[in-house]
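For reference, the structure discussed in these notes is given below.
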Amino acid sequence: DGGGDDIPLNGSPKQSNFGSVVLKSRQLEPVRDLKKSEFPYILTYYEIPAGKILNIEAGTVVKSYYPNSKISVNGILNVNGTADNKVVFTSGRDNTLVTDKFNTVLDSRAGLAQSKDWQGLAFSPGSTANLFGLDMRYAGKPFRAPGANMWDSLVSQAVRSDSAMVNIENSTFDNNGDTSIYLSNSTSSIKNTTLDKGQLAIENYSGSLDLENVNLNNFSGQNGPVYLKNIWPKFSQISFNQNWQNGLFIDQASITSSVSITKETPLSLKDITIETTGELNIESGTLVKLPKYANIFVKGILNLNGNHNEPVNLTEAEPLNNYNYWVRLIFDGGKGNFKSANISGGWGSIATYDGFQGMVVVNNGQLSMDDCQLLNSRPPGNALEINNSKININNSSIGYIGSKPNFANTNGIKINSGELILDNVTLMNLDTGIIAGEVVNLPKLQLNNMDSRNFVNVNKFWDPSLWYSDFITSTSTTST
């Protein structure tokens, strides 16, 4: 009878019987096994207490009885399906299963199964989920999250994990409400799994997450099907199909070791910090979108490893005509090595909360750029601001495409202190190409393989003019 409840299973003498095992109340046995040979299990509310284990055999079917049906896990839930013989958790109205006995409608409501028909799975702190070969359908009925007050909105989360251990492999999730899998402060691994339909496939706050061979299809979230906050995941072989936006959205994460990202996985990054022990390598052809008001802080190392045919692109997430500028790429004692990279759409102007005036800001750091472009920062202001740093820029372009913005004080590079070496750099559509923030003790400026042709529609090549008194139109090397 499901263990711990008193619902009887009744039959009719000399007539065909259809019976089901009811999953209700708290599990009493230390270990309980659900068998495929049983008729479909009817889920009302079932709790696995701490220290107890529920094992579910491959091929078993569990169907919800009403909208609030769920399994609450404080112990361990082992779903032991396989890629070819899955355990099915589904709506009581689901009539698409293989055999007639599993197609019987157990839900009292009329109509076909649909998203949010039942609530789902909830994993409490210290619990464990081993969901192998799970086929989960039509869950996500809204509920009030743990710790929420009466004014908070209900949430739709088919699988919810709070400070638990979650392992998911060879599984499918289809039509499971707004968020298929919600993870908070959990240790999680999702491999060889397909998630389909909803707003978010995965929503993860803190903890750790390993994604491998995960397929994400038909999700409507405007920032993509995966939202991650305060966590930098491991990820490989992620595929996207027919989502509103394809890619992973990573918010407020810290990088503390060496990690690499490639063009196979599109990313949106917001307020990412590369710590002093961290190194971020962005490989050729990779597109990184930076949403409105995003920053990247570099205390360690940032390498943009593009090539001329496949540059790295760091760009705004939305069209700039809607003023969707990200903010800055800020080196705070860090080091950057940029090869064949295009960076565009950040703030060149001052922001009230940070005091900087550059889309790229280098403080007490180092930056080398070759075959790069710094373009279309929000005017007025500067594409690059330098403070007590050494900068080398070769064979690159800085400024604006088309024409100069209709703002005064729209400049290419502002150097307050430090050293700037330019070699065959084009500055275009600017008020001033290079401006010094300190006119008493001028920073070191060196121009190699540059003449007036490198300053395209620039009102003043540099300011103050005493940096150079006799710059001519066809010099190969000019320096102080």
Side-chain angles (χ1 to χ4, degrees), residues 269-272 288-298 302 304 312-332 334 336 338 341-365 367 369 372-389 391 393 396-418 420 422 425-438 443 445 454-464:
L269 302 181
K270 184 178 181 182
D271 297 346
I272 305 300
V288 176
K289 292 184 178 181
L290 301 170
K292 190 174 183 179
Y293 303 137
N295 289 282
I296 297 179
F297 304 93
V298 183
L302 173 61
L304 306 184
V312 171
N313 291 284
L314 274 63
T315 185
E316 65 280 357
E318 301 291 340
L320 291 181
N321 56 10
N322 293 325
Y323 295 97
N324 290 306
Y325 294 89
W326 51 281
V327 186
R328 311 194 197 286
L329 171 55
I330 301 174
F331 289 84
D332 183 9
F338 296 178
N342 302 321
I343 302 174
S344 64
W347 281 50
S349 53
I350 192 169
T352 57
Y353 58 87
D354 68 10
F356 295 125
Q357 290 181 299
M359 176 171 66
V360 177
V361 177
V362 188
N363 292 322
N364 304 306
L367 175 62
M369 299 171 53
C372 294
Q373 297 186 89
L374 301 182
L375 299 175
N376 300 334
S377 58
R378 180 178 177 177
N382 315 289
L384 173 63
E385 179 184 347
I386 303 166
N387 302 299
N388 192 34
S389 300
I391 311 298
I393 305 176
S396 297
S397 300
I398 298 174
Y400 294 85
I401 299 294
S403 60
K404 189 184 85 65
N406 190 26
F407 290 89
N409 300 314
T410 298
N411 311 310
I413 302 172
K414 181 178 182 180
I415 177 168
N416 296 308
S417 57
L420 174 62
L422 305 182
V425 174
T426 299
L427 296 113
M428 52 194 184
N429 300 311
L430 299 163
D431 285 320
T432 305
I434 310 161
I435 187 169
E438 174 58 64
L445 172 63
N454 291 88
F455 296 83
V456 179
N457 191 27
V458 176
N459 294 337
K460 296 180 70 174
F461 293 177
W462 52 79
D463 187 22

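Note that the structure is predicted; figures quoted are calculated from it, not measured.
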Residue pair [X] / [Y], side-chain heavy-atom distance below 4.5 Å:
{"X": "L430", "Y": "N459", "value": "no"}
{"X": "V288", "Y": "V312", "value": "no"}
{"X": "E318", "Y": "P291", "value": "no"}
{"X": "I393", "Y": "L367", "value": "no"}
{"X": "M369", "Y": "L304", "value": "no"}
{"X": "F338", "Y": "I343", "value": "yes"}
{"X": "I435", "Y": "I415", "value": "no"}
{"X": "M359", "Y": "L329", "value": "no"}

Main-chain N/O of [Y] paired with [X] side-chain donor or acceptor, under 3.5 Å:
{"X": "E385", "Y": "Q357", "answer": "yes"}
{"X": "R328", "Y": "G346", "answer": "no"}
{"X": "Y293", "Y": "Y325", "answer": "no"}
{"X": "N295", "Y": "V327", "answer": "no"}
{"X": "R378", "Y": "G345", "answer": "no"}

Quiz item: With sequence neighbours left out, which residue pairs that include part of residues 396-409 fulfil the salt bridge (Lys or Arg N to Asp or Glu O under 4.0 Å) condition?
Solution: K404-D431
Self-check item: side-chain contact (heavy atoms from CB on, under 4.5 Å) partners of N342, counting only residues at least two apart
Solution: P311, N313, Q373
Practice problem: Give the ring-plane orientation class for F461 versus F455, where under 30° counts as parallel, over 60° as perpendicular and anything between as tilted. | Solution: parallel
Nearest atoms (heavy-atom pairs only) where [X] meets [Y]:
{"X": "G358", "Y": "V361", "answer": "O-CG2, 3.5 Å"}
{"X": "P319", "Y": "N324", "answer": "O-ND2, 3.4 Å"}
{"X": "P443", "Y": "A436", "answer": "CD-CB, 4.2 Å"}

Measure the [atom1]-[atom2] distance between [X] and [Y] for me, rounded to the nearest 0.5 Å.
{"X": "N364", "Y": "N388", "atom1": "CG", "atom2": "CG", "answer": "4.5 Å"}
{"X": "F331", "Y": "S389", "atom1": "CZ", "atom2": "OG", "answer": "9.5 Å"}
{"X": "I296", "Y": "I330", "atom1": "CD1", "atom2": "CD1", "answer": "10.5 Å"}
{"X": "N457", "Y": "Y400", "atom1": "CG", "atom2": "OH", "answer": "12.5 Å"}
{"X": "I386", "Y": "I391", "atom1": "CD1", "atom2": "CD1", "answer": "4.5 Å"}
{"X": "W462", "Y": "L427", "atom1": "CH2", "atom2": "CG", "answer": "11.0 Å"}

Quiz item: Can you list the steps and then say if V425 with I398 is a side-chain contact (heavy atoms from CB on, under 4.5 Å)?
Solution: CA-CA 8 Å; V425 174; I398 298 174; 4.2 Å; yes
Under the side chain to side chain donor-acceptor pair (under 3.5 Å) rule, collect the residues that match up with [X], sequence neighbours excluded.
{"X": "D332", "value": "none"}
{"X": "K289", "value": "none"}
{"X": "T315", "value": "S344"}

Residues 405-412, side-chain donor-acceptor partners within the protein, below 3.5 Å, at least two apart:
unit_1 : atom_1 : unit_2 : atom_2 : d
T410   : OG1    : F407   : O      : 3.1
N411   : OD1    : T432   : N      : 3.4
N411   : ND2    : N382   : OD1    : 3.2

Self-check item: Set of residues satisfying salt bridge (charged side-chain N to carboxylate O under 4.0 Å, His left out) with respect to D271, sequence neighbours excluded
Solution: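 Here no residue qualifies.
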Quiz item: Would M428 and I401 count as a side-chain contact (heavy atoms from CB on, under 4.5 Å) if you check the C-alpha gap in whole Å, the side-chain angles of each, and the deciding distance to 0.1 Å?
Solution: CA-CA 8 Å; M428 52 194 184; I401 299 294; 4.0 Å; yes
